[in-house]
Amino acid sequence: MLAALGWGALAASSLAVGALLAFVRDWPKSFVGLVLAFGAGALISAISFELFEEGTNTGGLGVTAVGLSLGAITYFLLDRAIARRHQGNHGRTGRRAAGSGAGTALALGAFLDGIPEQMALGLGLAAGQGISVGLLVAIFVSNLPESIGSAVDMKSAGRSRQAITRLWLGVALICTFATVVGYALADATAGDFRGLIDGFAAGALIVMLIDSMIPEAAEESGRPAGLATTLGFAVATALSTLS
């Protein structure tokens, strides 16, 4: 349980780190886009080898497929609700709308992303497989641009540094707790549950990648985004052999 808490805190800490980095300097959009692209590649690897494959191995293809569908639909519906909430105020959809409201939407998006993937981290620890380095890196790296972008949006809209920091610390704490919950639930349930959660996390992340992360990476960093995505995939896949 303590290991789940520690590794969960490490993975989620990048949410708070990213928010703090937004106050250090003005980060070029191209740089943030490249980090997004690298994180997207790492997440593609984690979805393929750490989530879906592990889910089918422990819970079977059918259970994992059900989780995949539930995760995709749940994320799609909740993310659409967030986009609609801010569309009228900012004249555009998506989680990259301008201003404080968009910054809050990014924080909510990180919350939607973070819960299932950090639960999957705890599930892996409970199964006695050690920490999945590939999934840990994918979570840590993909969190950074999301929190940086949110903090920049809220700062430009006049939100105080203290309020922004508190918001992202709160999101990080909840995501950390999700790792502990995943560990505890896996300890008390059968392999089917892990397959369901791994599938749910994979489905939610696939929709997030296509809906926002990959398009934003391409928009902000241009053609090099493809190379950065490939690098992220390669690094995460190599690290997935470590535990």
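- No continuous path of hydrophobic side-chain contacts links L231 to L227 [ILVMFWY only; heavy atoms under 4.5 Å].
- Around the CZ atom of F177, the shell of radius 6.0 Å holds no more than 12 heavy atoms that belong to other residues, nucleotides or ligands.
- Smallest separation of non-hydrogen atoms from A151 and A22: CB-CB, 3.5 Å.
- Shown here is K29, whose NZ atom has no more than 12 heavy atoms of other residues, nucleotides or ligands within 6.0 Å.
- A distance-only check finds no donor-acceptor pair linking the side chain of T229 to the backbone of A40 [under 3.5 Å].
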When you look at V35 and W27, which way does the side-chain contact (heavy atoms from CB on, under 4.5 Å) test go after all the steps? CA-CA 11 Å; V35 176; W27 298 96; over 6 Å; no

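- The two residues L239 and V133 come nearest to each other via the heavy atoms O-CB, 3.6 Å.
- The number of heavy atoms from other shown groups lying within 6.0 Å of CG (L77) is above 12.
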Given V171 and W168, is the side-chain contact (heavy atoms from CB on, under 4.5 Å) satisfied, shown in steps? CA-CA 5 Å; V171 174; W168 280 103; 4.2 Å; yes

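- More than 12 heavy atoms of other residues, nucleotides or ligands lie within 6.0 Å of CZ in R25, so this atom counts as buried by the packing criterion.
- Remark: side-chain polar atoms of S221 are not paired, donor with acceptor, to backbone N or O of P224 under 3.5 angstrom.
- Counting only distance, with no hydrogens or angles, the side chain of S14 and the backbone of N143 share no donor-acceptor pair below 3.5 Å.
- Minimum interatomic distance between L10 and F140 (heavy atoms only, all atoms of both residues): O-CD1, 3.4 Å.
- The 12-atom threshold is not exceeded at CZ of F31, counting heavy atoms of other residues, nucleotides or ligands nearer than 6.0 Å.
- Taking both residues in full, the closest heavy atoms of D198 and G55 are given as OD2-N, 3.6 Å, listed atom of the first, atom of the second, then distance.
- Judged by distance alone, the side chains of S45 and T237 do bring a donor and an acceptor atom under 3.5 Å apart.
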Evaluate the side-chain contact (heavy atoms from CB on, under 4.5 Å) criterion for residues L185 and I197: first the C-alpha distance (whole Å), next the side-chain angles of each, then the deciding distance (0.1 Å), finally the verdict. CA-CA 10 Å; L185 289 175; I197 294 299; over 6 Å; no

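- Between the side chain of S147 and the main chain of L144, a donor-acceptor pair closer than 3.5 Å is present.
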Between L5 and T179, does the side-chain contact (heavy atoms from CB on, under 4.5 Å) criterion hold? Intermediate values first, please. CA-CA 7 Å; L5 180 63; T179 308; over 6 Å; no

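- Taking each heavy atom of T64 and G60 in turn, the nearest pair found is OG1-O, 2.8 Å.
- One N or O on the side chain of Q118 and one on the backbone of G8 form a donor-acceptor pair closer than 3.5 Å.
- Taking every heavy atom of both residues into account, A46 and A138 meet most closely at CB-CB, 4.0 Å.
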